[in-house]
Amino acid sequence: MTVTETHVALYGGLTGDGAREHGLVPDLLPLCLTTGLGWRVPQPPLAVMAFMGFEWVVDAPLRVGDTIHSRSKTTLKRSMKEGGVIVEERQVINQRGEVVQHGKFTFLVAKRPASA
Amino acid sequence: MTDPRRYFDDIQVGEEYESPGRTVTEADIVLFAGLSGDYNVLHTDAEFMKQSIFGERIAHGLLGLAIQAGLFTRATQAYATLAFVGLRWKFKGPIKIGDTIRLRAKVAAKKEISKPDRGLVTVERTVVNQRGEVVQEGETDLIVERRR
């Protein structure tokens, strides 16, 4: 998706967070947009019960007008009594194929209910 | 005109800030769902969430994160930030519609880096609700310019 001035303005009004200089995208906005991008893959979304935490690295600035996509990989799965923990590695990539942000998310995901 | 920003040299380890409160509303959550495209039922389906452990819709974790970033700018004078390099973050509890959150931040560390005109500042951040419960916490790393 192309990140526009509108995204930056809506995000700024909603959160009060902004970019360091005009023309740049606020650093946390691409991160926020990746969750929605994850909903547009053919695979149905995870049955997330809770988002437990994450680590995130900003590799390069993103500019208004840049087009991003995101790539994810499940790297760990641990079963617990109620649901299980999934660790997902995620990258945000720009139109030149450069990784602009990347990190690791930890989710608590529901187990499939036993069919009645 | 003097530069109102705070440079690497000005920032002291151990400094603490507290932001004003910010009430998170249903409108915030609806707007964030629209902006991010994250329509998870946790944030968008009131009926489904009545049956959940939370009992109602909760704010997106990343909405709380983004709001605290905005609150940071109201908690202290702006840093002369050159880059935001990363963060480590934990979601400890839900932010519900009508909850009022505030940010408590503390400068945890300052580190020299290879470039002499800048340094790394690590800020510990805690997001608390109106009952004083920690709902989110973590650390952010910023590259801040030095005075010349």
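Throughout, protein chains are lettered first and strands after them, A, B, ... in sequence-line order, and every chain is numbered starting at 1.
- With contacts defined as side-chain heavy-atom distances shorter than 4.5 Å, the pair A/V25/A/R63 does not qualify.
- The most heavy-atom pairs under 4.5 Å with chain B, out of A/V57, A/D27, A/T6, A/D59, come from A/D27.
- Of the two parts of B/R74, neither the backbone nor the side chain holds a non-hydrogen atom closer than 4.5 Å to a non-hydrogen atom of chain A.
- The side-chain heavy atoms of A/K73 and A/R90, taken from C-beta on, include no pair separated by under 4.5 Å.
- Side-chain contact check for B/I113 versus B/I143: some heavy-atom pair is nearer than 4.5 Å.
- Contacts of A/M1 with chain B are absent, with no heavy-atom separation under 4.5 Å from either backbone or side chain.
- For the pair B/K96 and B/F54, the cation does not sit on the ring face, since its NZ or CZ is not both under 6.0 Å from the ring centre and inside 45° of the axis.
- Among B/L62, B/L31, B/V41, B/I58, the residue with the largest count of heavy-atom pairs under 4.5 Å with chain A is B/L62.
- The most heavy-atom pairs under 4.5 Å with chain A, out of B/D141, B/T140, B/L82, come from B/L82.
- The side-chain tip of B/R104 does not point at the ring of B/Y17 from less than 6.0 angstrom away and within 45° of straight on.
- For a residue to count as touching a neighbouring chain, one of its non-hydrogen atoms must lie under 4.5 Å from one of that chain's; by this rule A/L33 touches chain B with backbone and side chain alike.
- Of the two parts of B/L65, the backbone and the side chain both hold a non-hydrogen atom closer than 4.5 Å to a non-hydrogen atom of chain A.
- Of the two parts of A/L31, the backbone and the side chain both hold a non-hydrogen atom closer than 4.5 Å to a non-hydrogen atom of chain B.
- Put simply, of B/G138, B/P94, B/G61, B/A83, the one with the most heavy-atom pairs under 4.5 Å next to chain A is B/A83.
- Between chain A and the residues B/A66, B/A27, B/S52, the most heavy-atom pairs under 4.5 angstrom are made by B/A66.
- A salt bridge links B/R6 to B/E15: one of the charged nitrogens lies within less than 4.0 Å of a carboxylate oxygen.
- If you tally non-hydrogen atom pairs under 4.5 Å between each of A/L10, A/T35, A/T106 and chain B, the highest count goes to A/T35.
- Relative orientation of the A/F105 and A/F107 rings is parallel, given thresholds of 30° and 60° on the angle between their planes.
- Between B/E124 and B/K106, none of the side-chain N atoms (NZ, or NE/NH1/NH2) sits under 4.0 Å from a carboxylate O, so this pair counts as no salt bridge.
- In this structure, B/F72 and B/Y79 have perpendicular ring planes: the angle between them is above 60°, well past the 30° mark.
- If you measure heavy-atom distances from B/T81 to chain A, the contacts under 4.5 Å come from both the backbone and the side chain.
- Both the backbone and the side chain of B/F32 come within contact range of chain A, each with at least one heavy atom under 4.5 Å from a heavy atom of that chain.
- A donor-acceptor pair under 3.5 Å is absent between the side-chain atoms of A/K77 and the main chain of A/V87, judged by distance alone.
- Between chain A and the residues B/L87, B/D38, B/I53, the largest count of heavy-atom pairs under 4.5 Å involves B/L87.
- Residue contact with chain A, scored on non-hydrogen atoms closer than 4.5 Å, involves the side chain of B/L42 exclusively.
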